[in-house]
Amino acid sequence: MRPLFPRKWPSVPDARPIQKDERCDVLVIGGGPAGSTIAALLAARGERVVLVEKDRHPRFHIGESLLPMNVPLFEELGVSEEIARIGMPKYGVEFISPWHNKSVSLDFADAWDKRFPYSFEVRRSEFDHILLKNASAKGASVVEGCRVNSVEFPDEGGVVAMGTGEGGEALRWQAKFLVDATGRDTLLANKLAMKQRNRRHNTAAVFGHFTGARRLPGKAAGNITIFWFDHGWFWFIPLADETTSIGAVCRPEFMKSRKSDVTTFLHSLIAMCPALVDRLAGATMTGPATATGNYSYQAERMTGRNFIMVGDAFSFVDPVFSTGVFLAMKGAFLGADAVTACLHRPREAKWALRRFESEVRQAIARISWYIYRVNRPAMRDLLMTERNVFRIQEAMLSLLSGDMSHESPIRFRLLLFKGIFYTKSFLLAQAARFSRLVGKPLLAGAEGD
Ligand SMILES: Cc1cc2nc3c(=O)[nH]c(=O)nc-3n(C[C@H](O)[C@H](O)[C@H](O)COP(=O)(O)OP(=O)(O)OC[C@H]3O[C@@H](n4cnc5c(N)ncnc54)[C@H](O)[C@@H]3O)c2cc1C
């Protein structure tokens with residue numbers, strides 16, 4: 001059995017002379033939302049923090065739609081005004097289903113908890129740059145253009161990491177604690193062979209930017225739209241500068257059937273969704289499309305003797321409800337408290353790490369249940385319902401705003417939602433069986449699960 005806290009970790013032997021050797025309290029690897037957030041919080045508490053990022057910001061990143069519960073996190077970080085300057089206000093979400101022949105618009109203002117009525121759509125290059133500059137302004141030492149290649153946890157304690165700078169120079173950091181925020185590169189999970197792919201819930205995405213797409217009128221212009229179609233779903237994310245981000249998320253096997261280049265393939269998928277074709281009439285693409293596999297995964301562990309993982313470095317789930325950046329930043333807030341306890345209250349360390357891990361795992365599990373079922377007919381029916389029976393819709397809106405807490409008052413309504421989902425799935429399955437028996441097909445997309 002693999003030991004919980006390996007003493008000697010696998011590392012890349014590096015015989016090059018060290019050109020820079022830096023010591024710090026906390027080494028953060030990765031300058032995305034997770035890394036920049038935790039670096040800012042810990043530096044503001046007086047820790048000597050070094051953040052190492054392999055790229056140079058601003059750089060492109062996918063993941064442009066944020067949740068209302070991101071907003072209080074921006075306030076705590078002191079970046080609200082800057083985010084509001086670059087962001088397109090997002091007051092709700094619209095679902096469009098060809099099987100229901102209508103659209104449903106939900107406003108975050110109608111959620112159970114009315115305190116978070118809006119969020120933003122952002123260009124991640126600008127958004128991530130603001131968070132990175134904030135980490136630096138709070139006192140973290142930010143090193144860009146440097147990739148960390150290896151990490152070791154020596155017997156005498158602490159962490160030693162080796163990296164390579166843009167000019168090929170070898171760099172070394174010695175820290176008391178390590179935060180892995182390397183996103184889907186999953187540095188530690190890979191090195192420790194702890195990455196577990198969720199083979200049942202894989203998707204792949206192809207996406208691009210358009211200009212001239214028709215937005216919703218008035219205040220709803222910045223709302224995200226989710227269009228279902230035969231092979232999955234599309235996102236329609238209006239950004240502040242008239243650009244609209246469009247992406248299709250499908251089963252990886254379907255994506256593999258692609259015979260053309262990625263851009264032509266995206267156009268062929270759009271052609272399968274008349275409601276989206278309508279919104280894109282007269283729109284043009286501003287650059288080539290990109291494809292990516294969204295393999296859902298989770299590392300076996302997210303904490304160890306001198307490390308934690310935050311954001312996608314620990315876990316990734318399909319982006320249908322735009323939860324990635326929120327989970328990364330919320331995890332960073334919770335992680336900062338765990339790191340502080342480890343550094344200054346060693347007797348509490350074990351408990352603090354356990355609490356951090358349990359809160360993050362619970363939040364991911366709570367939202368994943370809905371994400372994994374988003375293409376099921378019963379789930380589509382429920383999301384396309386405009387009625388607020390037993391205040392279930394308010395509860396769902398709070399969940400979609402980012403309320404994934406275990407203690408939330410919405411949890412009983414969400415249980416009710418699940419009960420209705422299972423009942424509906426059962427009834428749809430029976431209806432499908434009956435229609436097969438009598439030889440009369442059900443409407444496409446209305447089969448049971
Ligand atoms: C198709 C798709 C659509 C998505 N849409 C949304 C959405 O609408 N809304 C949403 O909230 N989320 C969305 N997401 C998810 C979102 O992109 C991520 O959850 C989010 O970026 C996670 O933040 P992070 O800081 O953990 O990782 P990242 O943002 O990936 O940051 C990791 C950073 O680490 C750096 N790094 C990696 N390895 C090293 C190394 N060895 N050394 C130094 N630096 C390193 C990288 O350069 C990167 O800057 C989407 C994801 C996909 C794939």
Side-chain angles (χ1 to χ4, degrees), residues 12 27-39 50-67 69-70 90 93 119-125 127-129 131-132 135 142-151 161-165 171 173 179-191 202-208 224 226 232-237 239 245-250 255 289-296 309-332 335 360 364 367 371 402:
V12 182
L27 177 66
V28 178
I29 313 176
S36 295
T37 300
I38 197 165
V50 174
L51 182 156
V52 184
E53 163 59 47
K54 70 178 181 187
D55 289 333
R56 279 199 175 271
H57 285 45
R59 53 93 178 95
F60 176 82
H61 202 295
I62 195 60
E64 297 143 320
S65 193
L66 307 179
L67 300 186
M69 292 199 62
N70 270 109
K90 164 187 172 184
V93 49
S119 189
F120 296 100
E121 321 281 21
V122 292
R123 265 189 199 272
R124 283 288 302 276
S125 51
F127 175 77
D128 288 17
H129 200 194
L131 295 183
L132 189 79
V142 173
V143 185
E144 289 182 80
C146 175
R147 177 189 288 273
V148 172
N149 308 312
S150 69
V151 178
M162 295 291 303
T164 307
L171 309 166
W173 294 272
V179 176
D180 180 1
T182 53
R184 299 204 301 152
D185 284 19
T186 53
L187 183 82
L188 278 186
N190 281 347
K191 283 203 182 292
N202 282 332
T203 50
V206 40
F207 49 87
I224 186 172
I226 303 292
W233 57 274
F234 284 95
W235 75 72
F236 179 106
I237 300 176
L239 303 176
S245 172
I246 307 284
V249 177
C250 312
M255 288 290 189
T290 308
T292 176
N294 297 345
Y295 297 104
S296 297
M309 300 171 187
V310 283
D312 287 4
F314 168 64
S315 173
F316 179 81
V317 281
D318 185 272
V320 62
F321 294 139
S322 311
T323 45
V325 172
F326 171 72
L327 285 170
M329 292 185 67
K330 185 71 189 170
V360 175
I364 295 171
I367 194 68
I371 292 175

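Counting starts at 1 for both ligands and their atoms, following the listed order. Reckoned from all heavy atoms, side chains included, excluding hydrogens, waters and symmetry mates.
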Ligand 1 versus [X], non-hydrogen atoms closer than 4.0 Å: side chain, backbone, both, neither?
X: Arg59; value: side chain
X: Val249; value: neither
X: Asp185; value: side chain
X: Ala34; value: both
X: Ser65; value: both
X: Ala205; value: side chain

Verify, without hydrogens or angle tests, whether [X] (side chain) and [Y] (backbone) share a donor-acceptor contact under 3.5 angstrom.
X: Asn70; Y: Leu67; value: yes
X: His57; Y: Gly31; value: yes
X: Lys90; Y: Leu66; value: yes

Does an N or O from [X], backbone or side chain, lie closer than 3.5 Å to an N or O of ligand 1?
X: Phe326; value: no
X: Phe316; value: no
X: Thr292; value: no
X: Ile237; value: no
X: Asp128; value: no

Does the side chain of Cys146 come within less than 4.5 Å of Thr164's, by heavy atoms? no

What atoms of ligand 1 come closer than 4.0 angstrom to any heavy atom of [X]?
X: Arg184; answer: 53 (C)
X: Val52; answer: 43 (C), 44 (N)
X: Arg147; answer: 41 (N), 42 (N)

In terms of residue, atom name and distance, what is the protein heavy atom nearest to [atom]?
atom: atom 43 (C) of ligand 1; result: Lys54 N, 3.3 Å
atom: atom 30 (O) of ligand 1; result: His61 NE2, 2.8 Å
atom: atom 6 (C) of ligand 1; result: Gly63 CA, 3.1 Å

Can you tell me if [X] contacts ligand 1 (heavy atom of the residue under 4.0 Å from the ligand)?
X: Leu66; result: no
X: Ala332; result: no
X: Gly247; result: no

Indicate the ring-plane relationship of Phe60 and Phe207, choosing parallel, tilted or perpendicular according to the 30° and 60° boundaries. parallel

So, applying side-chain contact (heavy atoms from CB on, under 4.5 Å) with Val320, which one of Val317, Asp318, Thr323 is it? Asp318

Would Ser245 and Trp235 count as having a side-chain donor-acceptor pair, cut-off 3.5 Å? yes

